[in-house]
Amino acid sequence: MSIEAFQLLSRGGVQFNKNKYKKDVELFNVGKSESKSKRPAQGSELPAALDFFKYAQGAERKRKIDSVKRDEGGRSEKKRKKVSESEGNMDEDEEEATAKSDTHNNSVIPRQRHRVTTKGSNVPECAETFEALRDRYQLSSHLMLNLSKNGYSYPTGIQSYGAPILLQGRDLAAISPTGTGKTISYLLPTFVSLRAPVASAETDAGLGVRAIILAPTRELAHQIYNECLKLAQGRKWRVVLFSKATANTFSDKAVRDKIDIIVSTPLRLVASLQSGSLSLSNVRHLIFDEADRMLDNEFLPQIEEIVAACTHPDVQKAVFSATLPANAEKIALDMLRDPIRVVVGLKDTPLPLIAQSLTYVADDGSKLPSLLTYFSQPYNPPVLIFTSTQPRASSLAEELLLNGISNVDCLHAGMSTKERQDAVSRMRKGESWVMVSTEVMARGMDFKGVREVINYDFPTTVQSYIHRIGRTGRAGRSGKAVTFFTDTDGPYLKSIANVILQSGQSVPEWITKLPKPSKMKRKQMGKTKRPEMVNAARKIGRNDAIKKR
DNA sequence: TCGCTTT
């Protein structure tokens with residue numbers, strides 16, 4: 001490897017135009033150049049210093065740490081306000097927690113500090129270390145080993161606060177930013193609470209599945225399932241990723257009764273409930289990941305049906321998300337019993353680690369040229385691109401290919417299960433340089449390498465924005481998010497700009513001077529710029545206020 | 001609003 005190659009890589013960029021930068025691309029293919037279609041070497045195949053998927057940009061780092069500090073200052077200011085406004089009969093507790101940085105990269109990336117706020121009665125003390133958790137709640141040596149084996153050496157903020165709450169059998173509403181370890185924060189307590197696999201005959205847990213974990217997309221359910229397998233290693237836990245195929249095996253009662261944990265999407269589970277092949281009467285732990293999505297209008301009827309089917313008197317419920325708008329939070333808290341609410345960081349705010357920017361592209365037709373310009377400059381693969389519809393995702397992926405960009409993948413829910421699985425698998429292996437996808441990839445997906453997110457089409461809610469850009473900057477790494485906006489995106493622009501400002505970054509001044517969106521902003525951000533609609537929204541807002549009085 | 005997800 002030449003000095004030039006090192007410099008290219010350490011700058012964090014690989015040129016995209018394969019012909020123009022043929023030599024650079026070939027440098028990545030050392031030892032694999034026999035195959036034309038081979039993608040660049042990556043991960044363990046590269047010496048650490050040349051691994052551009054892991055390389056932290058030195059120059060940018062300092063600036064980001066500074067912005068984290070600034071942000072912390074801003075947070076405590078706001079926090080004081082919040083606390084003084086809180087209700088009297090609730091215990092308020094406010095402490096600093098240290099979030100785990102990526103174990104992969106401990107030497108490079110500083111640990112991120114997040115403020116943690118808890119609200120509720122008798123909040124259990126947080127656990128600073130997994131050892132403290134073990135001593136207090138009798139974690140098996142097995143589980144401890146699986147944690148360390150998989151690189152979990154220190155609990156993140158949500159893990160050290162959330163796990164004790166769940167282990168005390170309490171209901172929980174947890175809000176923690178993207179990429180801060182929410183999955184482990186509920187899976188670990190679940191495994192501890194279940195004590196032993198039902199198949200091991202060490203428990204008298206009764207028959208039938210005891211824990212259900214629900215997620216909005218198949219890909220996310222699959223990812224959660226993979227995390228389950230990491231913690232289950234070496235014991236006879238039966239964890240099932242629910243699908244049509246696994247559901248069919250449930251007609252056999254003997255099989256059905258030996259299941260410990262089911263990970264599923266809601267509709268799949270409801271289908272099995274309705275066919276009578278599954279009983280949830282022994283479920284003790286019910287967990288909703290991406291809770292605000294799960295409690296929206298489309299999923300809520302299914303969720304209600306599942307909750308109603310969990311008839312055991314001691315069922316513990318917990319909801320998790322990076323965003324929880326007021327209406328979703330109300331539904332969640334109504335569903336929970338004497339809940340504790342934990343907020344890590346500032347609610348509905350992206351991580352300061354993600355460098356966000358807005359790019360003006362006059363109209364839809366200007367987007368592709370802008371994107372191609374973007375790719376003609378150094379950038380950090382892999383890149384995740386979001387579009388608003390399935391056909392737009394497919395055609396953009398095609399356009400990029402036609403323009404000589406290689407290793408482009410596409411993923412949307414209109415594709416077959418196998419196509420979807422293949423696309424995720426290529427992404428996991430680092431074989432995709434560019435993935436074009438729809439909202440289906442926006443939530444929960446943890447592709448550790450993603451360095452840049454591009455919102456090719458403007459997100460229509462702040463929640464969507466926060467989740468989309470949260471595909472980068474995970475586990476303490478830095479990331480970059482670029483959002484294209486056109487003239488027609490005006491109504492949404494200010495809300496997104498506010499999110500960017502809230503996370504301690506700047507936006508062009510003229511955007512901050514745009515007129516305020518309607519008063520319904522909290523519920524449905526953006527709205528429309530047609531004045532009659534704004535007026536209508538105002539009217540509704542006023543009527544609601546009158547009703548309350 | 002519409003499009004996104006879920007069989």
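Order of the sequence lines fixes the chain letters, A, B, ..., with proteins taken first and strands second; residue numbering starts at 1 for each chain.
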Let's test your reading of the model: under 3.5 Å, does the base of B/dT6 pair with the side chain of A/Gln302 as donor and acceptor?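 Yes.
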
Could one point to a donor on the side chain of A/Arg293 or the base of B/dT5 with an acceptor on the other under 3.5 Å away? yes

Of all the choices, [options], which nucleotide is nearest to the side chain of [X] once you look at every atom?
X	options	result
A/Tyr492	B/dT1, B/dT6, B/dC4	B/dT1
A/Arg420	B/dT5, B/dT1, B/dT7	B/dT5
A/Pro391	B/dT5, B/dC4, B/dT6	B/dC4
A/Ala413	B/dC4, B/dT5, B/dT1	B/dT5
A/Thr389	B/dT6, B/dT7, B/dG3	B/dG3

Is there a side-chain contact between [X] and the phosphate of [N], meaning an N or O under 4.0 Å from OP1 or OP2?
X	N	answer
A/Ser464	B/dC4	no
A/Arg218	B/dT7	yes
A/Thr460	B/dT1	no

Over 60° means perpendicular and under 30° means parallel, so classify the ring planes of A/Trp510 and A/Phe485, tilted if in between.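 Tilted.
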
So A/Thr488 and A/Phe458, do their side chains get closer than 4.5 Å, heavy atoms only?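 No - every pair of side-chain heavy atoms lies 4.5 Å or more apart.
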
Less than 4.5 Å apart, any side-chain heavy atom of A/Thr246 and any of A/Leu241? no

Distance check needed: [N] [atom2] versus [X] [atom1], whole Å only.
X	N	atom1	atom2	result
A/Leu278	B/dT7	CG	C1'	15 Å
A/Asp296	B/dC2	CG	C1'	14 Å
A/Met441	B/dC4	CE	P	14 Å
A/Ile303	B/dT6	CD1	C1'	10 Å
A/Arg392	B/dC2	CZ	P	17 Å
A/Phe299	B/dT5	CZ	P	10 Å
A/Arg268	B/dT6	CZ	P	13 Å
A/His222	B/dT6	NE2	C1'	17 Å

Look at all strands and tell whether A/Gln390 reaches a base, only sugar-phosphate, or nothing, counting heavy atoms closer than 4.0 Å.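 Counting heavy atoms under 4.0 Å across all strands, the contact made by A/Gln390 is with sugar-phosphate only.
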
Once you apply a heavy-atom cut-off of 4.0 Å, does A/Pro266 come out as touching a base, just sugar-phosphate, or nothing? nothing

Please indicate whether A/Lys230 has more than 12 foreign heavy atoms, meaning atoms of other residues, nucleotides or ligands, lying under 6.0 Å from its NZ. yes

Which of these passes side chain to side chain contact (heavy atoms under 4.5 Å, CB included) with A/Tyr456: A/Val482, A/Thr483, A/Leu371? A/Leu371

